[in-house]
Amino acid sequence: MIRRPVAPPMNGPRFNEFIQSPKVRVIDQDGENLGVMYTREAMEQAQSVGLDLVEVSPNADPPVAKFLDVGKYKYEAQKKANIARKSQKTQEIKEIKMRPNIDDHDYDVKMRSIHKFIGEGDKVKITLRFRGRELSHGQLGMALLQRVQADCAEDAKVESYPRMEGRQMLMVLSPK
């Protein structure tokens, strides 16, 4: 009976009969370098110990293979990837909407939110909405955004300076 290998692994390292190079540098389960040998011979040695031959460095010349348990190796690699993904902080863009004739107390509340968002490492997009006749007084909006910029100067930098887009003026701040 001819034993044919099942489909090659789509993800993860190649192991046993899926290793394509004729020779590999072999490292045993204790980390000892056994030298360069034929893949078939290395596979037989790994099976005699009850482990698989796993290609750990396929780009080396010759590729490096190690005696490991494939399931355990994949599990640990997956676990490591999950921990790396959890510790990674994605930067979000938070939006604060204002009006050009905003009251002082409302402005202070919005500024507290901006400082909180920047402290958490997020970018802040400040949108200034103009309605009706306010649109003809663009300088009021520009003055307000410059005030915001001055108040956030210690912990934020301007990523995109104030610009008009239709009936609104936009500015983006990012943490320093």
Trainee: Evaluate the side chain to side chain contact (heavy atoms under 4.5 Å, CB included) criterion for residues L34 and Q45: first the C-alpha distance (whole Å), next the side-chain angles of each, then the deciding distance (0.1 Å), finally the verdict.
Mentor: CA-CA 11 Å; L34 302 180; Q45 282 188 17; 3.7 Å; yes

Trainee: Is it true that E134 and R99 make a salt bridge, defined as a side-chain N closer than 4.0 Å to a carboxylate O?
Mentor: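 Salt bridge: yes.
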
Trainee: Please answer whether the main-chain N or O of D30 pairs with a side-chain N or O of D28 as donor and acceptor at a distance below 3.5 Å.
Mentor: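 The answer is yes, because a donor-acceptor pair under 3.5 Å joins these two groups.
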
Trainee: Looking at K72, Q78, K79, which one forms a side chain to side chain contact (heavy atoms under 4.5 Å, CB included) with Y75?
Mentor: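 Of all the options given, the one that passes is K79.
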
Trainee: So that I can tick it off, tell me whether K157 and E159 are bridged by a salt bridge, with the cut-off set at under 4.0 angstrom between side-chain N and carboxylate O.
Mentor: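 Not counted as a salt bridge, because no side-chain N and carboxylate O are separated by less than 4.0 Å.
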
Trainee: Is there a salt bridge (charged side-chain N to carboxylate O under 4.0 Å, His left out) between D104 and R147? Walk through the geometry before answering.
Mentor: CA-CA 12 Å; D104 285 338; R147 181 177 166 198; 3.7 Å; yes

Trainee: I need the I27 CD1 to F67 CZ distance, nearest 0.5 Å.
Mentor: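 Result: 10.0 Å between the selected atoms.
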
Trainee: If you apply the rule side chain to side chain contact (heavy atoms under 4.5 Å, CB included), what do you find for K94 with K125, and how did you get there?
Mentor: CA-CA 6 Å; K94 304 283 188 172; K125 175 179 167 185; over 6 Å; no

Trainee: Atom CG of L53 and atom CD of E44: how far apart are they, to the nearest 0.5 Å?
Mentor: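 Nearest 0.5 Å value for the CG-CD distance: 11.0 Å.
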
Trainee: Q29 versus L51: any side-chain heavy-atom pair under 4.5 Å?
Mentor: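 Yes - at least one pair of side-chain heavy atoms lies under 4.5 Å apart.
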
Trainee: Do I102 and L128 land in one hydrophobic cluster if side-chain heavy atoms of ILVMFWY residues count as linked below 4.5 Å?
Mentor: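 Yes.
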
Trainee: Has the side chain of K176 got a donor or acceptor atom that lies under 3.5 Å from a matching backbone atom of A153?
Mentor: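 Yes, the answer is positive, given that a donor and an acceptor are paired below the 3.5 Å cut-off.
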
Trainee: Quick one: pull up CG in N82 and NZ in K86 and give me the separation to the nearest 0.5 Å.
Mentor: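 One finds 6.5 Å between CG of N82 and NZ of K86.
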
Trainee: Kindly work out whether a path of hydrophobic side-chain contacts (I/L/V/M/F/W/Y, heavy atoms less than 4.5 Å apart) joins L135 to L145.
Mentor: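 Yes.
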
Trainee: Where do N16 and M43 come nearest, in terms of heavy atoms and distance?
Mentor: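 Distance-wise, the nearest heavy atoms are C-SD, 3.1 Å.
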
Trainee: Can K116 and D155 be counted as an ion pair, charged N to O under 4.0 angstrom?
Mentor: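 Answer for the salt bridge query: no.
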
Trainee: Can you tell if the side chain of S160 reaches within under 4.5 Å of the side chain of M171, non-hydrogen atoms only?
Mentor: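 The answer is no, as the side chains (C-beta and beyond) never meet within the 4.5 Å cut-off.
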
Trainee: Is a side-chain N or O of D103 found less than 3.5 angstrom from the main chain of D106, in a donor-acceptor match?
Mentor: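 No.
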
Trainee: So which atom in I114 and which in I126 form the shortest heavy-atom distance, rounded to 0.1 Å?
Mentor: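 Reported closest heavy-atom pair: CD1-CD1, 3.9 Å.
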
Trainee: Under a 4.5 Å side-chain heavy-atom rule over Ile, Leu, Val, Met, Phe, Trp and Tyr, are Y161 and V148 clustered together?
Mentor: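 In one cluster: yes.
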
Trainee: Are R25 and S57 close enough, and set up right, to give a side chain to side chain contact (heavy atoms under 4.5 Å, CB included), and what steps lead you there?
Mentor: CA-CA 10 Å; R25 180 174 306 279; S57 181; over 6 Å; no

Trainee: Do V172 and V158 have side-chain heavy atoms sitting under 4.5 Å apart?
Mentor: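 Contact flag for V172/V158 side chains = no.
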
Trainee: Can you name the closest pair of heavy atoms from F130 and G141 and give their distance?
Mentor: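 That closest heavy-atom pairing would be CZ-CA, 3.9 Å.
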
Trainee: Taking the side chain as every heavy atom from C-beta outward, state whether I96 and F117 have any atom pair closer than 4.5 Å.
Mentor: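 In short, these two side chains touch, coming nearer than 4.5 Å.
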
Trainee: How far apart are the closest heavy atoms of P175 and Q91, and which atoms are they?
Mentor: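 Taking P175 first and Q91 second, the nearest heavy atoms are CD-NE2, 3.8 Å.
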
Trainee: Same cluster for L140 and M111 if Ile/Leu/Val/Met/Phe/Trp/Tyr side chains link at under 4.5 Å?
Mentor: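 Shared cluster, no.
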
Trainee: Would a 4.5 Å heavy-atom cut-off, applied to side chains only, mark L173 and I118 as touching?
Mentor: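 Side-chain contact under 4.5 Å: yes.
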
Trainee: Could you tell me which non-hydrogen atom of P62 sits nearest to which non-hydrogen atom of V24, and how far apart they are?
Mentor: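 Minimum heavy-atom contact is CB-CA, 4.3 Å.
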
Trainee: Can we say E76 and K74 salt-bridge, meaning some charged N sits less than 4.0 Å from an Asp/Glu carboxylate O?
Mentor: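 So E76 does not pair with K74 through a salt bridge.
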
Trainee: With side chains defined as the heavy atoms from C-beta onward, is the minimum distance between L68 and V56 less than 4.5 Å?
Mentor: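 Yes; the side chains approach each other to less than 4.5 Å.
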
Trainee: Do D151 and Y107 pair up side chain to side chain, a donor and an acceptor below 3.5 Å, judged on atom types alone?
Mentor: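 Yes, side-chain donor-acceptor contact under 3.5 Å.
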
Trainee: Going from NE2 on H105 to NZ on K110, what distance comes out if it is rounded to the nearest 0.5 angstrom?
Mentor: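 Here the rounded value is 12.0 Å.
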
Trainee: Is the backbone of P22 close enough, under 3.5 Å, to the side chain of T39 for a donor and an acceptor to pair up by distance?
Mentor: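 Yes.
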
Trainee: May I ask you to test the P100-H137 pair for a side-chain heavy-atom distance under 4.5 Å?
Mentor: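 The answer is no, as the side chains (C-beta and beyond) never meet within the 4.5 Å cut-off.
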
Trainee: Between M98 and R129, is there a side-chain heavy-atom distance shorter than 4.5 Å?
Mentor: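 Not touching, per the 4.5 Å side-chain cut-off.
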
Trainee: In terms of hydrophobic clusters joined by side-chain contacts under 4.5 Å, are V124 and V109 together?
Mentor: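 No; V109 is not reachable from V124 via cluster members.
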
Trainee: Could you go through the side chain to side chain contact (heavy atoms under 4.5 Å, CB included) check for I93 and D122 one step at a time?
Mentor: CA-CA 6 Å; I93 296 182; D122 295 324; over 6 Å; no

Trainee: For the atom pair CD (Q20) and CZ (F18), what is the distance rounded to the nearest 0.5 Å?
Mentor: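 It is 10.5 Å, given to the nearest 0.5 Å.
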
Trainee: Taking all non-hydrogen atoms of both residues into account, name the closest pair between Q168 and T127 and its distance.
Mentor: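 Closest approach of Q168 to T127: OE1-CG2, 3.4 Å.
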
Trainee: Within the side chain of N33, is there an N or O that forms a donor-acceptor pair under 3.5 Å with the backbone of G35?
Mentor: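 Looks like yes, one N/O pair under 3.5 Å.
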
